[in-house]
Amino acid sequence: MALHSLHMAENQTPYRYTAALAGDIETRWQAEWDRLGVYEVSDPEPTADRSSLPPKFYCLDMFPYPSGAGLHVGHPEGYTATDIICRFKRMKGFNVLHPMGWDAFGLPAEQYAIQTGVHPAVTTSKAIENFRRQLKRFGFSYDWSREFGTIDPDYYKWTQWIFLQIYDAWYDTEQNRARPIAELVEAFENDERRVTLNPFAAEYAGAGDLPGGTHAGPWATLDEETRRAIVDSYRLAYISLQTVNWCPKLGTALANEEVIDGKSERGGYPVFRKPLRQWMFRITAYADRLLEGLETVDWPQSTKTQQSEWIGRSEGAEIDFPLLDATGHKTGETLRVFTTRPDTIFGATYMVVAPEHPLVDEAISAEAGDTAALREYVAAARNRSDVERQESKEKTGVFTGVMAHNPVTNEPIPVWTADYVLMGYGTGAIMAVPAQDERDWDFAKAFDLPIVRTVQTPTDWPEDKAFTGEGSAINSGFIDGLGVADAKQRMIEYLEDTHHGQRKINFKLRDWLFSRQRYWGEPFPIVFDEKGHHHAVGEQTLPITLPEMADYQPIESDDPQPLLAKATDWLHTTAGEAGVADLPPDAKVTREANTMPGWAGSCWYHLRYCDPKNGERMVGEGPESYWMRGGVDLYVGGAEHAVLHLLYARFWHKVLFDLGHVSTDEPFGKLFHQGLILSHAYQRADRSLVPVDEVENKGTDENPEHIETATGESVTQIVAKMSKSLKNVVNPDDVIAEFGADTFRLYEMYMGPLEQSKPWNTRDIQGMYRFLQRVWCLCVDEATGELRVRAEADADIEKRLHRTVDKVASDIERLAFNTAIAAMIELVNAGTKLAEKDGAGLTASQMDRLARILAPFAPHMGEELWSRLGRFESEGSIARAEWPEVDPAMLKDDQVEIPVQIKGKVKARIMAPADADAKALEVLALQDETVRSLIEGQTIRKVIAVPGRMVNIVAG
RNA sequence: GCCGGAGUGGCGGAAUUGGCAGACGCGGUGGAUUCAAAAUCCACUUGGGUAAAACCAGUGCGGGUUCGAGUCCCGCCUCCGGCACCA
């Protein structure tokens, strides 16, 4: 019986917009779009006149790492947003480049391989298949003909090629750009450039080379080893024995940026400091340009701030403090410090060096102070992990026994070592000015060191606190009375005149650790000869592909080994085979066994999309200069990439720009971060979290009482990240099966502003489903499938339609999809009401326009209506239709309702001509019955009338 | 601690430039339809107040500027994100 009546109902409305019908429409059109290549975009024909090229819009999503778990609901949020904009821009006549691909090298596939022995390529390609299937099911308008993955040899061939470009480049600080290394050698040979180690080379920091450099002598007189060392010190990619962040659990070293609170960013595993021979990128050479470039791009302010703080430029001075011997005489040696407050040097009552500072070792060997205590302290500091350092900021330290000479007070001051001074920043040594620095204050108090105030404190300043603010210099000799800024200038001039120091700019940014000890990454295009010298492989041998491995288990060792070291056949080759020109062909060479980090592939994928099939170049000049003009026009992705990916990609791009391979200095013109899609979970009184399936609501929806089933304790509902453990993960496939892709897209866009993080509420999806049902029902007879066309346009609907077209367009431009959808809902609701009354609400022309403005949001519904209107047959896909025209006259009303306030509160409403001026509005308002009765007997003090807005009468 | 961002009905949110607070959706209540239910459609839905209105209060809290403040200014509170011994 029940089954029978169900069939009856279905048969009465066979064309009802159900999930089944939606699924049918959607998959049908997806196949058709694929077949016709509707979203494929071709590069413009080369032309001399660039202004005649069609306007372009390059819209890029941060490509996903294809995990085995498939898409989660966070992925489609940004992808739907860009899809809407791309579809809109196409309708507005833009040539739209909207590509998709895969960031497919990385740890999860390799860790899976360690456990199962399945090759990462197998796992990854399966995951890519699944991701592609899922993305296609959303109807995104990607140009799939441009798809690639970072693991494709055709792609990583060029990743390796770019590495070689960087390796073969140096940074010319005079021209402020990178240049080929050959030009440096040439300049040395021709004696056009002083032959020195690169004074900015971080790997030689502390070597004591002065800016300007120590002259090594004429190039011709130098031996091969020295020449090599000098050239290498300039390369933008170099090898350095570095204390790195070694993560045993991941079996690899990590970049500073990948370590958070002493744990790995990925996985949260402990990280230890360990010296390793590593490839580094001299990103610090670009510190200033990376900073300046931020001012030229349209990026979220918070991201620009994060990057600029990461780069951390600070201006100050380097000062040399002469060291004293036991008798108080100058030894001739100096201790160099960096300070941002040279004005406070009169208050420098002691100095501190990092425990790793060479002076400490010297003090130990010279037995100047308490050697045992020093040794112990240095050992303890070395073992003290970053986590422990975070935990306690209690000041510890030991006197080194070394005394220095304050060059302005001419007083002897002690040199201490303490771990609150970091070896990696500045010179690893400071002049301590306790009165003007809180850390120095704490240290001075802990060890009873003298404190001299050199900046006048405000009258109410406590006695027991450092003062870091603005004030006049005191106890400071020749700079007394000057403000901080003037005092700094004056002091730097003095130091320069007396050769005690010079102006200096320091950055927090460190060179970028670029090698990893894993398998599943790009191999370096580098081999080592028998002397251990590195050589670039010949370009013609690229790509250097990964060898097959018997197993992926990391080599367990205290001395960490890269995994590829196990692939001995691959590892050992000859110079001839590797294409190394400057060695005899039969010379034995060993391949670099480290691999590149996951960031490598994502540093330049935005370029490859412009010309993904090019076998001759990483990107052709024509496509690159067309699509990349002004940078990517819109780049959308998560804010978690604010420093890592976005900084690295900018660095690569700038190097490529300097070397003439790309035409723009900045890769991403406009950047936008979508918010996170969150979910719900519950929290106990002790703030621990409870999975959603372990809680019941014993109250009502309005007055919920959430009770943990197991304990009967009351818990509070909170917004939390989706996670397996909280059982609150939503699977997009399920949602599409239940409602269709169009509903899913609308729901995610309707949740709220794109940039905001917002909780997923499965219940709310219903609203968008109903909306699409109403659209369908307004246009299509559910019983017959015929269009419900109205003969004569309703004037009100026509006016609303124009306004909606206008609002949706401007809302899309400002990425406010939620309000655009709200406007369409209002239009459709009005149409539905009219249809209830008259049998049909829209004319064919109105339906057509509704379909077109809806199409960017719900492309399948749009295309289906478009097709039913006969337009697909004659004109092709709605994707290539024009955005509807707006008649400006339709946006204006003759009469408008104007609220009338009395003393700021709305008391009445009057109808007034839309163009009524202030005077006319005032007259009309004062004529109004309600207004007159309310102000009766009162004096009108003032009337403010804003044409088209409101009238405010101040009376009393 | 420092630097960002945000706090609006039961919930997600709207108010784009200082000008009608709460658009639109969810949920809820009532109704239509149905033997019934689901689905759908219609009406109402910030709180207090009232038979209904009037009226009063109201955008985290306390002040201020203004004819008028969610929006601007000052001082707090809370939450989220980032940085954190960087001299």
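Just so we're on the same page: letters track the sequence lines, and every chain starts at 1.
Using a 4.0 Å cut-off, no side-chain N or O of A:Asn818 falls inside it from OP1 or OP2 of B:C24. Of the side-chain N and O atoms in A:Arg774, none sit less than 4.0 angstrom from OP1 or OP2 of B:U40. Residue A:Tyr750 places no side-chain N or O under 4.0 Å from the OP1 or OP2 atom of B:G25. Distances shown here put a side-chain N or O of A:Arg770 below 4.0 Å from the OP1 or OP2 atom of B:U40. Side-chain nitrogen and oxygen atoms of A:Asn829 include none within less than 4.0 Å of the OP1 or OP2 phosphate oxygen of B:C42. Under 4.0 angstrom from either OP1 or OP2 of B:A43 there lies at least one side-chain N or O belonging to A:Lys833. For the OP1/OP2 pair of B:A87 and a distance below 4.0 Å, the side-chain nitrogens and oxygens of A:Ser314 include at least one atom meeting the criterion. OP1 or OP2 of B:C67 has not a single side-chain nitrogen or oxygen of A:Gln901 nearer than 4.0 Å. Contact between the side-chain N/O atoms of A:Lys721 and the OP1/OP2 oxygens of B:G81 is not found at any separation under 4.0 Å. The side chain of A:Lys942 contributes an N or O atom lying less than 4.0 Å from OP1 or OP2 of B:C67.
Using a 4.0 Å cut-off between charged side-chain N and carboxylate O, A:Glu929 and A:Arg932 make no salt bridge. Checked for salt-bridge contact, A:Arg803 and A:Asp893 meet the test: a charged N lies under 4.0 Å from a carboxylate O. The pair A:Asp320-A:Arg336 meets the salt-bridge criterion, since a charged nitrogen lies less than 4.0 angstrom from a carboxylate oxygen. A salt bridge between A:Lys758 and A:Glu77 is present, with a side-chain N of the basic residue lying under 4.0 Å from a carboxylate O of the acidic one.
Remark: the A:Lys395 side chain and the B:C85 base include a donor-acceptor N/O pair separated by less than 3.5 Å. Looking at A:Asp764, its side chain has no donor and acceptor atom pair within 3.5 Å of the base of B:C26.
B:G7 is paired with B:C77 under the Watson-Crick or G-U wobble criterion, all donor-acceptor distances under 3.5 Å. The pairing partner recorded for B:A57 is B:U46, the criterion being a Watson-Crick or G-U wobble arrangement whose two distances lie under 3.5 angstrom. When Watson-Crick and G-U wobble pairs are counted only if both distances are under 3.5 Å, B:A14 pairs with no nucleotide at all. Applying the Watson-Crick and G-U wobble criteria (two distances, each under 3.5 Å), B:U66 pairs with nothing in any strand. Applying the Watson-Crick and G-U wobble criteria (two distances, each under 3.5 Å), B:A37 pairs with nothing in any strand. Pairing for B:A84 is absent, judged as Watson-Crick or G-U wobble with the two contacts each under 3.5 Å.
For A:Val421, the side-chain atoms get nearest to B:A87 when compared with the rest of B:C24, B:C20, B:A87. If you check B:G82, B:A15, B:U40 against the side chain of A:Gln306, the one that comes closest is B:G82. Of the candidate nucleotides B:A87, B:C20, B:G13, B:C20 has the atom nearest to the side chain of A:Glu897.
For the P atoms, the distance from B:G25 to B:A43 is 11 Å, rounded to whole Å. Separating the C1' atom of B:U66 from that of B:C73 is a span of 12 Å, rounded to the nearest Å. Nucleotides B:A57 and B:A21, compared at atom P, are 13 Å apart to the nearest Å. Here the separation of B:C72 from B:G4, taken at their P atoms, is 15 Å to the nearest Å. Here, B:C24 and B:A14 have their P atoms 14 Å apart, quoted to the whole Å. Rounded to whole Å, the C1' atom of B:G1 lies 45 Å from the corresponding atom of B:C56. B:G10 and B:G22 have their P atoms separated by 16 Å, given to the nearest Å. Nucleotides B:G27 and B:U16 place their C1' atoms 29 Å apart, quoted to the nearest Å.
Between the P atom of B:C3 and the CZ atom of A:Arg313 lies a distance of 21 Å, rounded to the nearest Å. Whole-Å rounding puts the A:Glu394 CD to B:G1 P distance at 17 Å. Between A:Met950 atom CE and B:G18 atom P the separation is 15 Å, expressed in whole Å. In this structure, A:Phe739 atom CZ and B:C26 atom P are separated by 12 Å, rounded to whole Å. Atom OH in A:Tyr769 sits about 17 Å away from atom C1' in B:C26, given to the nearest Å. A:Gln766 has its CD atom 7 Å from the P atom of B:A39, to the nearest Å. Distance, A:Leu294 CG to B:C3 P: 20 Å, rounded to whole Å. Separating the CD atom of A:Glu755 from the P atom of B:G4 is a distance of 18 Å, rounded to the nearest angstrom.
Classification of the A:Trp776-A:Tyr17 ring pair by plane angle, with boundaries at 30° and 60°, yields tilted. Under the 30°/60° scheme for interplanar angles, the aromatic rings of A:Phe443 and A:Phe447 are found to be tilted.
B:G12: glycosidic angle beyond 90° from 0, hence anti.
The residue A:Val946 sits close to a base: some heavy atom pair falls under 4.0 Å.
Here the options are A:Val433, A:Ile451, A:Val452, the test is side chain to side chain contact (heavy atoms under 4.5 Å, CB included), and the partner is A:Thr349; only A:Val452 passes. Paired with A:Met722 under the rule side chain to side chain contact (heavy atoms under 4.5 Å, CB included), one option of A:Ile677, A:Leu676, A:Leu678 passes, and it is A:Ile677.
Of the two residues near RNA chain B, A:Ser810 and A:Glu836, the one whose nearest nucleotide lies more 5' is A:Ser810. Nearest-nucleotide mapping onto RNA chain B: of A:Lys807 and A:Val951, the residue sitting toward the 5' end is A:Lys807.
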